Amino acid sequence: LLLGELSDTLAAADITFGNLEGSFLDEGQPAKKCRDTTICYLFRMPERYAGALAASGFDFLSLANNHFGDFGLPSRTRTMMLLDSLGIRYGGLTEYPYSFLERDSLLYGFAAFAPNAGTVSINETAKAEELVRRLADTCDIVIVSFHGGAEGADHQHVTKDDEMFYTENRGNVHDFAHRMIDAGADVIFGHGPHITRAVEVYRERFIAYSLGNFCTYGRFNLTGPNGIAPIIKVEVDTTGRFISGKIIPVYQPYPGGARYDPAGRVIQKIRDLTAADFPDAVITISEKGEISYR
């Protein structure tokens, strides 16, 4: 029900990626302690919900974010066991930084990064470059995910500087994305700010700087830019070069769950942000959400 009509859209792709913001665990105690519950959240999902990810066709999931470890080692271990049983690959943890998937005679490599404990650091760029180079040496197409950038409606723009949020360095996502492509990444998906950001093509490789809130529930702020998001379909050739893209607009009515947005609000949002942040962009975005070279 949370994914609704979008489940078939996700499953139709050759490769489907998402960020799993939290872990699956039916019972357990939190490892993270919240002093102020108005700004601190603990995420745990019922284990039976994991099957919805497989039914929706997810192939790669990022576990590199600030909520995957909320319930400690038991939830980390249980979530990985569930994903393994469903055949879903994942990455971004210090103990499991990357994964591989072969499909249609192509080998895909996936790695994920974040500024949080227990994840592969977005702020140790040289080590991240080394990891991506190793994947690029082995794989036909390398997908990189990062959880970075400050959160909220006041942080919709890509600043091209280090972004701080509650004293935490959330990384310079522009520099990080470009350096990962220089190291061999082919497609980069960002998330973390809880709002949608601009997209870019750099050296013929696609970057989405933040995919926003896609499928949440409960006490999330889903007003304004926090409640709209894209599914972005990216077409690349067998070497990872960007060919074209398509923005499928999504919104979330309270208390949550993703729905197709016939008003297409996030398309115009991405058009505006991309024009503002990358005025010399080599791509153009149509009113229907089609992404193509100029």
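Everything numeric in this text was worked out from a predicted model, so none of it was measured. Values below: all heavy atoms of this structure, side chains included; hydrogens, waters and symmetry mates excluded.
- Evaluation of the side chain to side chain contact (heavy atoms under 4.5 Å, CB included) rule for Ile267 yields Ile247, Pro249, Arg271 as partners, not counting sequence neighbours.
- The closest donor-acceptor contact from the side chain of Asn221 to the backbone of Thr223 lies under 3.5 Å.
- The backbone N or O of Gly87 sits less than 3.5 Å from a side-chain atom of Arg89, completing a donor-acceptor pair.
- Counting heavy atoms from C-beta on, the side chains of Phe24 and Leu53 come closer than 4.5 Å.
- In this structure, Phe176 and Phe113 have perpendicular ring planes: the angle between them is above 60°, well past the 30° mark.
- Between Tyr41 and Asn66 the shortest side-chain heavy-atom distance does not fall below 4.5 Å.
- The cluster map of Ile, Leu, Val, Met, Phe, Trp and Tyr, joined by side-chain heavy atoms under 4.5 Å apart, puts Val234 and Val132 in different clusters.
- Taking the ring centroids of Tyr293 and Phe242, they lie under the 6.0 Å cut-off.
- Between Phe189 and Ile207 there is no side-chain heavy-atom pair separated by less than 4.5 Å.
- Contact detail for Ala258 and Cys215: the closest heavy-atom pair is N-SG, 4.2 Å.
- A distance-only check finds a donor-acceptor pair linking the side chain of Ser85 to the backbone of Leu82 [under 3.5 Å].
- The CD atom of Gln29 sits 13.5 Å away from atom CG of Asp70, with the distance rounded to the nearest 0.5 Å.
- Side-chain contact between Val250 and Leu6: present, with at least one pair of heavy atoms (C-beta onward) separated by less than 4.5 Å.
- Here the CG-OG1 distance, from Asp186 to Thr239, works out to 7.0 Å after rounding to the nearest 0.5 Å.
- For OH of Tyr217, the number of neighbouring non-hydrogen atoms (other residues, nucleotides, ligands) closer than 6.0 Å is 12 at most.
- Classified by interplanar angle (parallel below 30°, tilted 30° to 60°, perpendicular above 60°), the ring pair His147/His191 is tilted.
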Item checked: Stepwise side-chain contact (heavy atoms from CB on, under 4.5 Å) check, Met180 with Ile188 -> CA-CA 8 Å; Met180 293 308 103; Ile188 297 186; 3.9 Å; yes
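- Closest non-hydrogen pair, Tyr254 versus Leu222, comes out as CA-CD1, 4.4 Å.
- The structure places CZ of Arg265 at 13.0 Å from CD1 of Ile270, a figure rounded to the nearest 0.5 Å.
- Of all heavy-atom pairs spanning Asn169 and Asn123, the tightest one is O-ND2, 3.1 Å.
- Contact annotation: the side chain of Pro230 approaches that of Thr196 to within less than 4.5 Å [non-hydrogen atoms, C-beta and beyond].
- Shown here for Thr119 and Ala64, the closest heavy-atom pair between the two residues is CG2-CA, 3.8 Å.
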Item checked: Verdict with supporting geometry, Glu163 and Arg170, salt bridge (Lys or Arg N to Asp or Glu O under 4.0 Å) -> CA-CA 5 Å; Glu163 297 187 48; Arg170 298 283 183 96; over 6 Å; no
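- Aromatic pair Tyr202/Phe278: ring centres not closer than 6.0 Å.
- Note on ring orientation: taking the six-membered ring where Trp is involved, the planes of Phe17 and Phe110 are tilted (angle from 30° to 60°).
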Item checked: Verdict with supporting geometry, Asn19 and Ser145, side-chain contact (heavy atoms from CB on, under 4.5 Å) -> CA-CA 8 Å; Asn19 168 52; Ser145 160; 5.5 Å; no
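- Rounding to the nearest 0.5 angstrom, the gap separating the OG atom in Ser23 from the CZ atom in Arg76 is 9.0 Å.
- Inter-residue side-chain proximity for Leu106 and Thr238 is flagged as met; some heavy-atom pair is nearer than 4.5 Å.
- Following chains of ILVMFWY side-chain contacts shorter than 4.5 Å, one cannot reach Leu3 starting from Leu211, and the two form parts of different hydrophobic clusters.
- Here the shortest heavy-atom pairing between Asn65 and Ala114 reads N-CB, 4.0 Å.
- Aromatic rings from Phe43 and Tyr49 are positioned such that their centres are separated by 6.0 Å or more.
- The backbone N or O of His67 sits nowhere less than 3.5 Å from a side-chain atom of Glu21 that would complete a donor-acceptor pair.
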Margin query: Using the rule given for side-chain contact (heavy atoms from CB on, under 4.5 Å), can you reason through Thr79 versus Tyr90, listing the C-alpha separation, both sets of side-chain angles and the distance that settles it, and then say yes or no?
Written below: CA-CA 10 Å; Thr79 299; Tyr90 49 87; over 6 Å; no
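- Linking ILVMFWY residues whenever their side-chain heavy atoms come closer than 4.5 Å, directly or via other members, leaves Ile291 and Leu273 in distinct clusters.
- With a 6.0 Å cutoff to the six-membered ring centre and a 45° limit on the axis angle, Arg259 does not count as a cation-pi contact of Tyr251.
- Checked by atom type and distance alone, the side chain of Glu5 pairs as donor or acceptor with a backbone atom of Tyr260 at under 3.5 Å.
- Under a 3.5 Å cut-off, the side chain of Asn213 and the backbone N or O of His194 do form a donor-acceptor pair.
- Contact check for Val187 versus Val144: no side-chain heavy atoms found under the 4.5 Å cut-off.
- Remark: side-chain polar atoms of Asn226 are not paired, donor with acceptor, to backbone N or O of Ile195 under 3.5 angstrom.
- Here the options are His157, His174, Gln156, the test is side-chain hydrogen bond (donor to acceptor under 3.5 Å, both in side chains), and the partner is Asp277; only His157 passes.
- Under the side-chain hydrogen bond (donor to acceptor under 3.5 Å, both in side chains) criterion, no residue pair touches residues 131-143, with sequence neighbours excluded.
- Salt-bridge annotation for Asp59 and Arg103: present, with a side-chain N of the basic residue lying under 4.0 Å from a carboxylate O of the acidic one.
- To the nearest 0.5 Å, the span separating CG on Leu63 from OG on Ser99 amounts to 9.0 Å.
- Shortest non-hydrogen contact noted between Ser210 and Gly192 is OG-N, 4.4 Å.
- Taking the six-membered ring for Trp and the full ring otherwise, the centers of Tyr96 and Tyr98 sit at least 6.0 Å from each other.
- There is no path of hydrophobic side-chain contacts, each under 4.5 Å, that joins Ile143 to Leu10.
- Checked against the 6.0 Å centroid criterion, the rings of Tyr108 and Phe60 do not qualify as a close aromatic pair.
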Next item on the list: Please lay out, stage by stage, how Glu200 and Arg205 fare under the test side-chain contact (heavy atoms from CB on, under 4.5 Å).
Entry: CA-CA 8 Å; Glu200 182 187 22; Arg205 267 64 183 175; over 6 Å; no
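- Taking CD of Glu27 as the reference point, atom CD of Glu47 lies at 9.0 Å (rounded to 0.5 Å).
- Looking at Asn172, its side chain does come within 3.5 Å of a backbone N or O of Asp175 through a donor-acceptor pair.
- For the pair Ser286 (side chain) and Lys288 (backbone), a donor-acceptor distance under 3.5 Å is present.
- No donor-acceptor pair under 3.5 Å is formed between the side chain of Ser244 and the backbone N or O of Glu235.
- Hydrophobic cluster membership differs between Leu42 and Leu20, with clusters built from Ile, Leu, Val, Met, Phe, Trp and Tyr side chains linked at under 4.5 angstrom.
- Between Arg241 and Val236, every side-chain heavy-atom pair lies at or beyond the 4.5 Å cut-off.
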